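Shown next, in structure tokens, is the structure this report addresses.
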Amino acid sequence: MSDMVVMKKGATEEEIERVVKKIEEAGCRADISRGKYKTVIGAIGDREKVETIPFEAFPGVETIVAISTPYKLVSREYQPEDTVINVNGIQIGGNNFTIIAGPCSVETKEQLLETAKIVKAAGGAILRGGAFKPRTSPYSFQGLGEAGLKFLAEVKDATGLPIVTEVMDIRDVNLVAKFADILQIGARNMQNFQLLTEVGKIKKPVLLKRSFGCTVEELLMAAEYISKEGNKEIILCERGIRTFEPSARNTLDISAIPIVRLKSHLPIIVDPSHASGKRELVEPLSLAALAAGAHGVMIEVHPHPEEALCDGSQSLTANSFSQTMAKIQALAKALGKK
Ligand code: PEP
Ligand code: MN
């Protein structure tokens, strides 16, 4: 990607088309973003090829702006307005604070349905649950796979809650996309560039989790891989990073929230469950995320955490989830969030 070509207010379709054609002739791809007043065309591809094009000489072109960051399409410079993603009528981004909750893993249909009812009753908007699980040990529960996806679809039908679930393998992208409303890319796959490219080609939102070993800039570069393929519906997620501090599972990088918001137009949510690994920390970290400007949280909930096949110690019960939700709602209201 090289620069963005800002068209004049009122530039005609022919003028826009001429710029697009020129970019394509140079072997690059044009990303058209139609703002309220002006159209901006991003030239994606080899910088050297694009730099030779005298865009200023084209009718309808107002100015050429070079984007200073290594990520382009996901940068605030490229798109000043927040991206707001609509998932079956639920808005993520902008002034919205969205609650995603559910079990770490789909275990049985009953467990999932019971959890979904807890999530819905407390005011959660989206149901999470892993069918393909990235586990540190190959001997741990790996998820139910396709059977788990089917349970997710059934529970979605029963409750109306949209579904977010992880895809780990490029071979499963189409299968998971058939069932999921949002496809999750887990922390361990944040730099699986082939997987990022594949989810960039589908027409469903992607929840991209920051790797525990990657910088904010690397997270935004990963998002750029998805955006570059045409999928602009990306939700970023801060889920804690590895530091020298052993008292929690990870260290929630709270600064990442305002930093991402300054640098990118994409929504950013927080996963306080994987960040902390401890049930008692989930509520304070959720409130901190909201106060720091996050667009939502993703919380693990289990009706019987002591029986959970995965991450029971960080899962909230029905009671603790509804208490946490009440506090989140009170703070959201005080902050003027929807
Ligand atoms: C998850 O959210 O199910 C998960 C495995 O989290 P992470 O990829 O952040 O470890
Ligand atoms: Mn988990």
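For the single chain, residues carry numbers from 1 onward in sequence order. Here the structure is a predicted model, which is why all the values come from computation and not from measurement. Side-chain atoms are counted along with the backbone in the values below, which use heavy atoms only and exclude waters and symmetry mates. Order of appearance sets the numbers: ligands from 1, and atoms from 1 within every ligand.
For a threshold of 3.5 Å applied to N or O pairs, the pair formed by Arg188 and ligand 1 contains at least one separation below that value. Polar contact with ligand 1: present for Ala187 (N/O pair, distance under 3.5 Å). The shortest N or O to N or O distance between Lys133 and ligand 1 is below 3.5 Å.
Close contacts of ligand 1 with Gly186, meaning ligand atoms under 4.0 Å from a residue heavy atom, involve 8 (O). Close approach to Arg239 involves these atoms of ligand 1, each under 4.0 Å from a residue heavy atom: 7 (P), 9 (O), 10 (O).
Aromatic ring orientation, Phe55 versus Phe58: tilted (interplanar angle from 30° to 60°).
The SG atom of Cys104, the Mn ion (ligand 2) and the NE2 atom of His274 define an angle of 160° (nearest 10 degrees). Between the OE2 atom of Glu300 and the OD2 atom of Asp311, the angle taken at the Mn ion (ligand 2) works out to 130° after rounding to 10°.
Taking 4.0 Å as the cut-off between side-chain N and carboxylate O, Lys72 and Glu224 do not count as a salt-bridged pair. Salt-bridge annotation for Asp181 and Lys204: absent, with no side-chain N of the basic residue lying under 4.0 Å from a carboxylate O of the acidic one. Taking a cutoff of 4.0 Å between a charged side-chain nitrogen and a carboxylate oxygen, Asp311 and Arg249 qualify as a salt bridge. Looking at Arg128 and Glu300, a side-chain N of the basic residue comes within less than 4.0 Å of a carboxylate O on the acidic one, giving a salt bridge. Comment: Arg242 does not engage Asp253 in a salt bridge, judged by the lack of any side-chain N to carboxylate O separation of less than 4.0 angstrom.
Scanning Glu238, Glu166, Lys209 for the heavy atom closest to atom 6 (O) of ligand 1 points to Lys209.
Under a 4.0 Å heavy-atom criterion, Arg210 is not in contact with ligand 1.
For Asn192 (side chain) and Leu195 (main-chain N/O), a donor-acceptor pair under 3.5 Å exists by modelled atom type.
Atom 3 (O) of ligand 1 has Arg128 NH2, 2.8 Å as its closest protein atom, hydrogens excluded (heavy atom only).
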